[in-house]
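Heads up: the structure comes next, in structure tokens.
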Amino acid sequence: MRFHVLVHLKPDVLDAQGQAIEQAIHSAGYESVHSLRVGKSFYLDVDADNPADARDEIERLCAETLCNPLIETFTYEAAPA
Amino acid sequence: MRFHVLVHLKPDVLDAQGQAIEQAIHSAGYESVHSLRVGKSFYLDVDADNPADARDEIERLCAETLCNPLIETFTYEAAPA
Amino acid sequence: MTHATFAVVVFPGSNCDRDCVHALRDELQQRVVEVWHRDAIPANVDCIVIPGGFSYGDALRAGALAALSPVMGSVKRFADAGAPIIGICNGFQALLEAKLLPGALLRNRSLRFRCKRVHVRIETTACAFTSSGLSIHDSLSLPIAHGFGAYHLPKDQLAHLESSGQIVLRYCDSTSAVTDGANPNGSVNNIAGVMNAQGNMLGLMPHPERASSELLGGADGLKLFRAAIQSVSNTPFANAPADGAPA
Amino acid sequence: MSVAVPSITPEVIEQHGLTSAEYQTILDQLGREPTIAELGVYSVMWSEHCSYKHSRRHLATLPTSGDRVLHGPGENAGVIDLGNQLACVFKIESHNHPSAVEPHQGAATGVGGILRDIFAMGARPIALLDAIRFGPPDKARNEWIIRGVVNGIADYGNCVGVPTVGGEFCIDDAYSDNCLVNVMCVGVARHDELMTARAEKAGDLLVYYGGSTGRDGVHGATFASMELTDESADNRSSVQVGDPFMEKLILESTLELIEHNLLVALQDMGAAGLTCSSTEMADKAGLGVDLDLDAVPQRARNLSAYELLLSESQERMLAVISPDKLEQVRAVLKKWDLNAHVVGATTNTGRLVVRHHREVEVDVPLDSICSSIPAPAPVASAPPTSHTRHFTSVTIADKEWQAALLDALASPHFASKRWIYEQYDHDVQTNTVVGPGAGVAVLRLRQTPNRFLAVTCDGNGIWVALDPYEGTRALVTEAARNLIAAGAVPLAVTNNLNFGNPRDGEIAWQFAESVRGLADACRALDTPVTGGNVSFYNESPRMAVFPTPVIGMVGVIEDRAHITPASLQHEGDALYLVGPRATHAGASKILRDRVGELVGPAISLDMDAEQASHALVRDVIRAGLIASATDISEGGLLIALAEMSLCSPKNLGIEISLPGDEDTTPSLLSEEPSRFILACPIEHEEALCEHAHRAGVRCVRLGAAERNDFHITGLIDLNLAQLREPWERGQ
Ligand SMILES: Nc1ncnc2c1ncn2[C@@H]1O[C@H](COP(=O)(O)OP(=O)(O)O)[C@@H](O)[C@H]1O
Ligand SMILES: [Mg+2]
């Protein structure tokens, strides 16, 4: 089963990279852009006997590894293969 | 208007990051995970008079700045504010 | 001269392992074993070094994939038994990711990798690595080399960390003043190094093994290792359980 | 998959960069029409990059042997003897074109490539240097390239754990359309660990390990893709991307394989990938090669034989091993999570035979692709019609000097490079005794106490543009002066020749003259050339880059006491100018930047005067008379003095007067060779003057090191903070 996972910094954690990108695109003339935040996007396949097992596995993977809960939050959803 | 942009390496381009993550999580017991690819996720607001203008702006921003078309592809969609 | 046996852990992508071995073996005449990340720490080891580098290429978050390695279980058992353990740079990141130390490291405020010499101030001598030969507010000159070194902890936890005295090192200027200008990466409260509640595990961003000879511009880093050697010979910790035994 | 086999039309031949005469040679050698894969093989092996067809007759004139030389050009890197069974392995490579397209990956893969050349020789890489040249950063595209390149070098070198200890950063409009990215690597090995890229006998296995193969760097990409119809071209990319983590794994596993004596020969798969590495190792031994492409690990789908043979995917090694060592090889690789892929074997057929999906795709004589490359007709070289066409006579008035200095320091070319080298890990491996910021990097050699390696790389497009022969000679001596000033004995040279289109008469002339200068200077200094690289076609329709040879030089420091800093160390030290009188300010970078064109005349070198200065500086350093030393080069005396002050750990500046026998502009700006500034503690002044007198070298007292001041009588009156401000701001 294919999943798409997003991991972003929590809103109260400084996203220095996002700020810098916003600044750079401003100076490139995109003044209408703001509140930019950067995160990570993962596509991955999980082999499992049934969708529920696959969801359990991805949940565990996100919570334990793909995301550091001290600074990040995650969301995931099934993705087209 | 708020957008969500995803930038990933083209399928043919080596995703060194994805490869290293997959390998490490395999040895840590997540053997059912494979075909993992990593990319970037951006949330951003575009000020525009109407949705069509906003879309034009984000399209141009993706094509010219957020993505290097030699090695990456992008997708975007409207995101809840 | 006191002697201890050090384990230097090696992950795929570690690149300061040899420097740590060199500083300990050649500059301090200690016994050193290198331990591959798939193995356990041998029972006769007194102190553990988790060295810097780019374990797994820092592919997910710095140190995150190293934290999953089999060796970390045995590091935890040694930690529980009270052995001095130091995580340097990527090793610090790995200890945080393994939740053996509190906090996380964010990208440097400048967004750039920074390699330079900094000063850090000793904030406590209750740590195995500062408990002898050093005094509170002594400053050390140590090199840093990292891109993800901004120490972060949510406010409430930070207050607890400060009040429990677990902050070991802060970035300071050449007069030992803790200033924003002396903060090379945007760490909260200028934090450069923290320890666990017991004081036997230290994680820090600067590289003491690089400050190991006057030829390289100073040997302040050896003071931290010397203190650990001293602390083992003073109070040899109850040796950790044999490989694989439950903690 | 539906496969349309393209036929070989004149367009296809041209797309492969082959002339019709070259194609005729292929037909003659094979006695038939080549297959597509064969055409690809010929085209890469006969490309400029692999065959050196336009340069090799010139390179053949370089001095390449000497007492110290263990391996000259022809191996992956040059090797010199350091004594005590230690060897230094070093080489420089360019990644100019890839960096212009994808700066980060282009520069990163440049670092990866040169590292592999070094460890393929059995040496542990201990230092990197980067010589990089760009157009002015006030143009957004240049700025994007600069940032990307610096970042790419940092990401790669830092991750692998090889310190970047030095380099050059040059800003000039001449590099606006074509940046130059040259990276040098230095490694150390024991003699008995040295590897070569020469197979030994038939029946040995070709083992591929490292990264998998994709479409990276497969050129004539449009053509190669014609074979595929089931994938959209959008999904493909021929840009090479790097994986420094994989590089670290193959570095460590390679050194382990060599330590256990498991390899016969080794080469990285760089330019022209599997084709070049396999055939070169076999050809050197007069053997043949069988390849089975189905055994190649592949990361893209439906790779054709053509693509598999030509791919330049990074971080791949090809070893020749004896079949009985295969299990041991597998075991070592497995520890590092790598696999051994047996992709072929050496044969005694003298042919390259390649199978894919059980079909023979290539069957050609090895010597026809490796050795008998048809030499192109020599280009009628044409010296530029007037040597003096750019010449103007520019001077700076007395009252303008202070502003001129501050302007220069604020320009990105002369400003502090701290923003660059702070991004490079320059301390890892804990050998860096003198790191970036100084002219020369000094590394300790763990294996031999009290011996140090000194390394530098130097280029100067202006000098060479004005006179390629004299300019290149001056450049070689400049590299040597850098080493001498640091207390080192120069030993050997590697070089990267960055030029425009070699089929252009004037560029052909520049190239020939430059190589002649390189050869003459290296012969005179007894610093043989052990390797290098040639990069042509650095040009756009608008212009070619300045002809830019970059000289990498290594030397040895024989005693810790000889290590001499460039920066001022003690207040009151006397400052001496050593070497010939400055006669003109031609070729000055500062004047070039002020007037926007080349300002002549060219500089020229008197080799006897040069060697006399070298001997003097070496002797007074060894006699312990000198506290700091630097040579005078780009930016002249003015910039040399500013840098001695700005880098002073004790905030020392200068209080001097210019020599009475020189005009002000040449005195401050001349980049003429053979000149040094020495800081000498007053108790040694007499001895220094005595040495100089005996050596017959001019030695003029300028003044002394002074706390906090930067003062040149009648011209400049600044304090160090005022000097530092633009220098720090300009980064
Ligand atoms: N400018 C030069 N001076 C001396 N030798 C050179 C020069 N350019 C290339 N060479 C030598 O020619 C050989 C082939 O070079 P190259 O194809 O760049 O090696 P690689 O295949 O490792 O990239 C090498 O031994 C190299 O040192
Ligand atoms: Mg090579």
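Quick note on labels: first sequence line is chain A, next is B, and so on, each numbered from 1. Values below: all heavy atoms of this structure, side chains included; hydrogens, waters and symmetry mates excluded.
Between C:K116 and D:D425 no salt bridge is recorded (no basic side-chain N to carboxylate O distance below 4.0 Å).
Using a 4.5 Å heavy-atom threshold, the side chains of C:P12 and D:E252 count as separate. Looking at heavy atoms from C-beta onward, D:E422 lies out of side-chain contact with C:F113 at the 4.5 angstrom threshold.
Other residues, nucleotides and ligands place no more than 12 heavy atoms under 6.0 Å from the CZ atom of C:R18. Residue D:K335 qualifies as enclosed at atom NZ: its count of foreign heavy atoms under 6.0 Å is above 12.
Counting heavy-atom pairs closer than 4.5 Å to chain C, the top-ranked of the candidates D:E247, D:H426, D:R418, D:M246 is D:H426. Per-residue heavy-atom pair counts under 4.5 Å with chain D were compared for C:H146, C:R114, C:H207, and the maximum is reached by C:R114. Annotation: maximal heavy-atom pairing with chain C below 4.5 Å, among D:D337, D:V434, D:L249, occurs at D:D337. Comparing D:D243, D:N158, D:N431, D:N151 by how many heavy-atom pairs each has under 4.5 Å with chain C, the most go to D:N158.
Interface remark: C:S110 contributes no atoms to any contact with chain D (heavy atom separation under 4.5 Å). D:Y156 does not touch chain C: none of its heavy atoms, backbone or side chain, sits under 4.5 Å away.
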Expected list for residues 89-100 of chain C: side-chain donor-acceptor pairs under 3.5 angstrom, two or more places apart:
from	atom 1	to	atom 2	distance (Å)
C:N90	OD1	C:S55	N	3.2
C:N90	OD1	C:S55	OG	2.6
C:N90	ND2	C:G53	O	3.4
C:N90	ND2	C:D58	OD1	3.0
C:N90	ND2	C:Q93	OE1	2.8
C:Q93	NE2	C:F148	O	2.8
C:E97	OE1	C:R61	NH2	3.1
C:E97	OE2	A:N68	ND2	3.4
C:E97	OE2	C:R61	NE	2.8

Pairs of donor and acceptor atoms involving the side chains of residues 161-168 of chain D, under 3.5 Å and at least two apart or interchain, shall be tabulated with distances.
from	atom 1	to	atom 2	distance (Å)
D:E168	OE1	D:R133	NH1	3.2
D:E168	OE1	D:R133	NH2	3.1
D:E168	OE1	D:G459	N	3.1
D:E168	OE2	D:R133	NH2	3.0
D:E168	OE2	D:G459	N	2.9

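Ring geometry for C:Y56 versus D:F245: interplanar angle of 30 to 60°, hence tilted.
Checking side-chain atoms of C:N15 against main-chain N and O of D:C159 turns up a donor-acceptor pair under 3.5 Å.
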With side chain to side chain contact (heavy atoms under 4.5 Å, CB included) as the test, would you mind laying out the steps for D:R444 and C:L216 before giving the verdict? CA-CA 9 Å; D:R444 72 169 162 187; C:L216 305 175; 3.6 Å; yes

